[in-house]
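Only one structure is covered here, and it is reproduced in the block below.
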2 protein chains.
Amino acid sequence: MDKKTIVIVGLGLIGGSLAIALRGFEDYEIVGVDVSEPTLRFAREHGVADWVTDDPEAVIPQADVTILALHPKGIVRYLEQFKDRFQPGSLVTDVCGVKTAVMEAAKCLPPEVDFIGCHPMAGTEFSGVEHAFGEMFRGSHLLLTPRPESTKEHLDFMARMADYLGCRDVCPTTPEAHDAMIAYTSQMMHIIAVSVCDDEKLFECRGFEGSSFRGCTRVAALDVGLWTQLFSMNRPALVEALDRLEANLQSYRQALADGDDQALAKKLTWSADRKRQMDLPGPDLLQ
Amino acid sequence: MDKKTIVIVGLGLIGGSLAIALRGFEDYEIVGVDVSEPTLRFAREHGVADWVTDDPEAVIPQADVTILALHPKGIVRYLEQFKDRFQPGSLVTDVCGVKTAVMEAAKCLPPEVDFIGCHPMAGTEFSGVEHAFGEMFRGSHLLLTPRPESTKEHLDFMARMADYLGCRDVCPTTPEAHDAMIAYTSQMMHIIAVSVCDDEKLFECRGFEGSSFRGCTRVAALDVGLWTQLFSMNRPALVEALDRLEANLQSYRQALADGDDQALAKKLTWSADRKRQMDLPGPDLLQ
């Protein structure tokens, strides 16, 4: 391989979308690795990467950058299995939604292989390469958990890659802060969505839902294997976030049950102001 | 007035959007009524209706259809105040999110004036005529609570109007069933959104949110006056819905805290299947 190479391991929804989105990035060749023959065939037929292979041994030792786009436990296993095969001086990164466990696992790498944890705040409720699309990362945050010793060259690479993907920004943080925040901003949203869908009235309410319902429950159709791992690998932070949610819901329930409209209006004013202060841009305009 | 007339009382977000969307509907002239001079000026300058006035007395007695696009308590007051001014044989309807209280209030109308409760499952988190847009109702459900004695002519009118607005369908129901379902599909979504925004971590999480967070919290920037009324006029059903939510959230919290990944995966499979079975189309594809 003469060109510089980015190897993406795992051509699922995220890995496939990354491969599509990264084609043409600088002078890198994009190589996809997967174990599934149907996935590789789909990727070949749809030009998901510059080329694809089922043989990581053939490409990882020459990769300048290796992106592990696997489920969290798959990443941990892969790091252990391939720790001596990555090219010295190369960068290894990932895309998964928990960072403490992944950064811990990456300590098995030899000192001459850099690892920067990465979590693109993008995705859909679908999975598999056939749902991959190159625009997935546009406007999303790219969360990074570099090592203290990660090189400027590699951090710069991640920033240029984020830019090419169309990300809104790059947000560096620590693994612990990442996991605590993501328990709230992402994992809690998924627990809310599935809990709302557990309601006994779900099916009889067909035809009575608006966009607020669709927006809140969309992610309930989740990839069970992936999210079981994400939740269980971030259990304490998620339980804590759910306890905070419950207290806040209870406070609204109490204000309602008390029948004090002034107190209710005061609470709503406070919350709505907080939301306006956040001023989040988003694709979801319709109620 | 020679042409048939639809009078829309209240040119806010919903009334204004209705006026824009209904222009050109059959041979009806669309007349807007509001008490606010800036609203009327904006409506005049932007062609929000065929014409607008601040004088309901001048238009309501000749209206074939009167749509009350006010806050719930405003609708109740308006019905009482104008009950003897509506044209015999005409149809009065509304657009608000609670129906039991409104249908009760409409009993003050003389028997020759029909009333069909109406709730378009559409809107945005903004308010005011300047945020009105004619496409608002496209793809949304139009919920109707007719009286038992509502005429076929008026029900047909509502169906044709829904069609012209681009609604997905018309869903007739009883006021009580409406309020119980809406407590879950709409009001609970708003309580979740404000409760999530009450989290102490809200502002420090800026930059760490994805589309699931934006989708869930979007409606938190709500119109406090309106939603205080909607919540308080549907208190028992809403408290009940929140109690069901809490039980479902607690069940997930317990499965997490127990550390039993198999049980967690089983629960997630069940919930995700329910969501897929609902198969809700929606504008919100990005996570």
Side-chain angles (χ1 to χ4, degrees), chain A residues 121 123-124 141 171 181 184-186 189 191-192 194-195 197-199 201-202 205 207-210 212-222 224 227-228 231-232 235 238-239 242 244-246 248-249 252-253 256-257 261 264-265 268-269 271-272 274-276 280 282-287, chain B residues 121 123-124 141 171 181 184-186 189 191-192 194-195 197-199 201-202 205 207-210 212-222 224 227-228 231-232 235 238-239 242 244-245 248-249 252-253 256-257 261 264-265 268-269 271-272 274-276 278 280 282-287:
Chain A
M121 291 297 287
T124 73
H141 305 292
C171 307
M181 286 196 269
Y184 167 53
T185 60
S186 168
M189 300 308 114
I191 297 286
I192 289 172
V194 288
S195 296
C197 288
D198 284 354
D199 195 286
K201 282 193 192 292
L202 178 69
C205 284
F208 289 78
E209 84 294 341
S212 63
F213 191 85
R214 292 195 293 272
C216 175
T217 59
R218 180 180 55 83
V219 293
L222 41 69
V224 172
W227 285 93
T228 302
F231 292 151
S232 71
R235 184 175 289 122
L238 179 53
V239 168
L242 289 175
R244 297 199 309 270
L245 172 67
E246 200 207 313
N248 289 322
L249 281 169
Y252 262 107
R253 188 207 176 279
L256 268 166
D261 286 358
L264 179 59
L268 289 171
T269 303
S271 308
R274 285 171 68 81
K275 166 65 182 167
R276 288 199 188 91
L280 296 177
D284 316 316
L285 258 176
L286 294 173
Q287 185 171 25
Chain B
M121 291 298 287
T124 72
H141 304 292
C171 306
M181 286 195 271
Y184 166 52
T185 61
S186 169
M189 300 307 115
I191 296 285
I192 288 172
V194 288
S195 296
C197 288
D198 284 355
D199 195 286
K201 284 194 191 290
L202 178 68
C205 285
F208 290 79
E209 84 293 342
S212 64
F213 191 85
R214 293 196 293 273
C216 175
T217 60
R218 180 180 54 83
V219 294
L222 42 69
V224 172
W227 284 94
T228 302
F231 292 151
S232 71
R235 183 174 290 121
L238 179 52
V239 168
L242 289 175
R244 296 199 309 271
L245 172 66
N248 289 323
L249 281 169
Y252 263 108
R253 188 205 177 280
L256 269 166
D261 286 358
L264 179 59
L268 288 172
T269 302
S271 308
R274 285 171 69 81
K275 167 63 180 167
R276 288 198 188 92
M278 272 296 272
L280 295 176
D284 316 316
L285 257 177
L286 293 174
Q287 184 169 23

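Note that the structure is a prediction, hence the values are computed from the model and not measured. In what follows, chains are A, B, ... by sequence order, proteins preceding strands, each numbered from 1.
How far OG1 of B:T217 is from NZ of A:K275: 3.5 Å, rounded to the nearest 0.5 Å. In this structure, A:M121 CE and B:E209 CD are separated by 7.0 Å, a value rounded to the nearest 0.5 Å.
For chain B, the option among A:A265, A:A257, A:G207 with the highest count of heavy-atom pairs below 4.5 Å is A:G207. Interface remark: of the candidates B:L245, B:D261, B:L264, B:D261 forms the most heavy-atom pairs closer than 4.5 Å to chain A. When the candidates B:T269, B:D199, B:L256 are compared by the number of heavy-atom contacts under 4.5 Å with chain A, B:D199 comes out ahead. Per-residue heavy-atom pair counts under 4.5 Å with chain A were compared for B:L222, B:V224, B:L202, and the maximum is reached by B:L202. When each of B:R274, B:M189, B:K201 is scored by its heavy-atom pairs under 4.5 Å with chain A, the top score falls to B:R274.
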- Query: Would A:Y252 and A:L268 count as a side chain to side chain contact (heavy atoms under 4.5 Å, CB included) if you check the C-alpha gap in whole Å, the side-chain angles of each, and the deciding distance to 0.1 Å?
  - Reply: CA-CA 9 Å; A:Y252 262 107; A:L268 289 171; 3.6 Å; yes
- Task: Check the pair B:R253 / B:L249 against side chain to side chain contact (heavy atoms under 4.5 Å, CB included), numbers first and verdict last.
- Result: CA-CA 6 Å; B:R253 188 205 177 280; B:L249 281 169; over 6 Å; no
- Task: Begin from the C-alpha positions of A:Y184 and A:R244 and carry the test side chain to side chain contact (heavy atoms under 4.5 Å, CB included) through to its verdict.
- Result: CA-CA 9 Å; A:Y184 167 53; A:R244 297 199 309 270; 3.9 Å; yes
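With a 4.5 angstrom heavy-atom cutoff, A:L242 touches chain B only via side-chain atoms.
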